[in-house]
Structure formats: C-alpha cells, structure tokens
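Here's the structure, in structure tokens; my notes come after.
Letters A, B, ... are given to chains in the order of the sequence lines, protein chains preceding strands, and every chain is numbered from 1.
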Amino acid sequence: MLPQPGGMAPPPMGMDQQQRMTMPQQPPHFWPQHQQQQQQQHYGAPPTNSAAGGAADEVRSLWIGDLQYWMDEAYLSSCFYSTGELVSAKVIRNKQTGQSEGYGFLEFRTHAAAETILQGYNGALMPNSEQSFRLNWASLGAGDKRTDDSPEYTIFVGDLAGEVTDYVLQETFKAVYQSVKGAKVVIDRVTGRSKGYGFVKFGDEREQQRAMSEMNGVLCSTRPMRIGPTANKKPMNAPTQNGKREALIYGGLGLVSAEMIPV
DNA sequence: CTTGAGCGG
C-alpha cells in the first residue's frame with residue numbers, strides 16, 4: 001500500500017462544470033410530506049422523541065459507501081441539504097493518513113426521513129460524479145433493520161461497459177425476471193469508475209438459473225454481458241451444465257473449493 | 001483481461 005503523495009485529488013471535472021456548483025441534482029420526485037410539516041429545528045438538537053410518541057431508539061443514520069477521496073462532509077451535506085432533514089454527515093478517515101476510508105455516515109432527523117432518503121437517493125447519481133449513491137442502514141448504531149430472512153440468489157455479470165450503473169444493470173434483468181432484487185456494479189475506489197463487472201440478485205432461484213443461460217451474451221447498454229456464478233457462495237448442485245460437471249472439494253470440516261471440470 | 005461487502009464515536 002503505497003501512500004499516495006497527492007492523495008487528495010480534487011474533483012476530476014472542471015471544464016464542463018455548471019455554474020450552480022453546490023446545488024445537487026434533485027432526485028426524482030421522491031420527497032413526500034415532510035416538507036409541509038413546519039418543523040424548523042434544522043439545527044440544534046434534533047427531536048429525540050423523548051418518551052412519548054416515537055421510539056427514541058429508532059435508527060436515523062445511514063451508511064454511505066463508494067465515496068471517492070474528495071467527497072468530504074461538505075460535499076455530502078450539499079447532497080442532502082435540500083431535504084432539510086440532514087442532521088450531520090461524517091466521512092470515516094484513516095487515523096494515520098487522514099485519508100477517507102471510502103464510507104461515511106449520514107444522520108437524519110427521523111427514521112422516516114432516513115428511509116425516504118434511502119429509497120429516493122439510493123442508486124441515483126451523485127452530483128459531480130459518474131457514480132450513484134450507495135446507501136444502507138447503519139447497522140451498528142442502534143436497532144437492527146435486518147430482516148433478511150428471504151434467500152437471495154446472485155449471479156456474476158462481467159464485461160460491462162463503463163457507463164452501466166446499478167440501475168441500468170438492474171433494469172436490464174428486471175425487464176425479464178420479476179424476482180430481481182437488485183444489482184450492483186463494482187466501483188473502483190480510487191477512480192470512482194466501474195470495474196466492468198457486477199452482481200445481480202434474484203429472489204427466485206429458478207429465475208437465477210434461467211438468467212445464467214438466457215442472459216449470457218445479451219446486450220447491456222452497448223456490450224454483451226458475460227454471466228457466471230458467484231465465486232464464494234453456497235455450493236450449487238446443478239447436475240450438469242454445458243457439458244461440465246461441478247466437483248466440490250471438501251477438506252476437514254467443510255467445503256474448500258469448487259472446480260469446473262470438463263467432461 | 002474482471003468475482004463484491006466497506007459500519008464510527
């Protein structure tokens with residue numbers, strides 16, 4: 001890990017930057033009734049829902065990932081300023097180098113506001129960048145929002161064009177398969193650009209299996225996709241596939257590796 | 001050519 005001398009690179013743009021610098025793109029029409037309620041406590045202590053009414057332990061923080069090194073607190077604040085619901089923004093930094101770890105936390109006034117942000121902004125384009133917001137509930141803060149009781153079946157999708165986003169990838173599959181739960185294009189932390197591959201999650205295993213063969217070679221944006229199984233998931237016991245057999249190699253207590261052995 | 005994922009104070 002070579003400490004980059006000039007690690008704090010400024011935003012890579014600059015020539016085609018619009019005049020309105022800090023105003024974020026309004027994400028599509030997602031903002032509901034919160035603006036109408038005249039709660040003017042934008043600064044000072046956020047309503048902590050003392051003992052009456054709301055649950056004081058409600059999670060109001062979101063985790064945000066895939067941040068580039070120039071995306072600081074001021075940038076994050078500007079992204080959500082228009083909502084009037086952001087209490088604080090924080091970028092986690094390495095204690096030694098001070099460099100961003102690529103993620104942070106956003107605290108909102110209420111759980112409901114955070115949830116609206118999560119649904120409205122997640123996947124939308126981040127201002128002054130080519131990537132989209134990656135948001136999730138902050139899991140370690142307080143309560144647990146994990147209700148992940150439903151199984152997920154994921155495929156690997158490679159050979160993606162650079163401009164393919166989570167949304168594009170997801171819609172490519174959603175147009176065909178109802179059970180698509182989401183898609184993620186892997187982003188390079190340093191450049192903020194796509195690494196050219198990603199993952200698509202299905203709720204239905206049969207659709208996942210179908211997609212493996214049906215969508216292989218299908219165009220996503222400008223390039224045909226290459227589809228494969230995910231690397232480190234549960235062993236799938238598809239008996240035969242393309243004239244290959246899956247050999248599961250066990251050692252000691254569990255599965256060690258799986259190889260595709262040509263017949 | 002490529003197999004993610006990262007949760008502070």
Touch class at under 4.0 angstrom, heavy-atom based, for [X] against every strand present:
X	value
Asp159(A)	base
Tyr103(A)	sugar-phosphate
Gly102(A)	nothing
Lys95(A)	sugar-phosphate

Next item on the list: Specify the residue among Phe156(A) and Arg189(A) whose closest nucleotide of DNA chain B lies further upstream toward the 5′ end.
Entry: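 Whichever sits nearer the 5' end wins; that is Phe156(A).
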
Next item on the list: For Ser88(A) and for Arg223(A), find the nucleotide of DNA chain B with the closest heavy atom, then tell me which residue's nucleotide is more 5'.
Entry: Arg223(A)

Item checked: Derivation of the ring pair (Phe, Tyr, Trp, His ring centres under 6.0 Å) call for Phe202(A) and Tyr153(A) -> CA-CA 5 Å; Phe202(A) 297 79; Tyr153(A) 305 94; 8.8 Å; no

Margin query: Once side-chain contact (heavy atoms from CB on, under 4.5 Å) is applied, do any residues pair with Phe156(A), and if so which ones, sequence neighbours excluded?
Written below: Tyr197(A), Phe199(A)

Next item on the list: Would you mind telling me which of dC1(B), dG8(B), dT3(B) lies closest to the side-chain atoms of Ala231(A)?
Entry: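 Selected nucleotide (nearest to the side chain): dT3(B).
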
Margin query: Looking at Arg210(A), I want to see if its CZ is surrounded by more than 12 non-hydrogen atoms of other residues, nucleotides or ligands under 6.0 Å.
Written below: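 Count over threshold, so yes.
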
Check: Would you say Tyr197(A) stacks on dT2(B), if stacking means ring centres under 5.5 Å apart and planes within less than 30 degrees?
Finding: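 No, Tyr197(A) does not stack on the base of dT2(B), since the centre distance and plane angle fail the 5.5 Å and 30° test.
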
Notebook entry, point to check: Is the ring centre of Trp63(A) under 5.5 Å from the base ring centre of dG6(B), and are the two planes under 30° apart, so that they stack?
Noted result: no

Check: Once you round it to whole Å, what is the distance between C1' of dG6(B) and CG of Leu106(A)?
Finding: 14 Å

Notebook entry, point to check: How about Ser179(A) and Glu207(A): does a side-chain donor come under 3.5 Å of a side-chain acceptor?
Noted result: yes

Notebook entry, point to check: Syn versus anti for dG4(B), judged by chi lying within 90° of 0?
Noted result: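 This nucleotide is in anti.
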
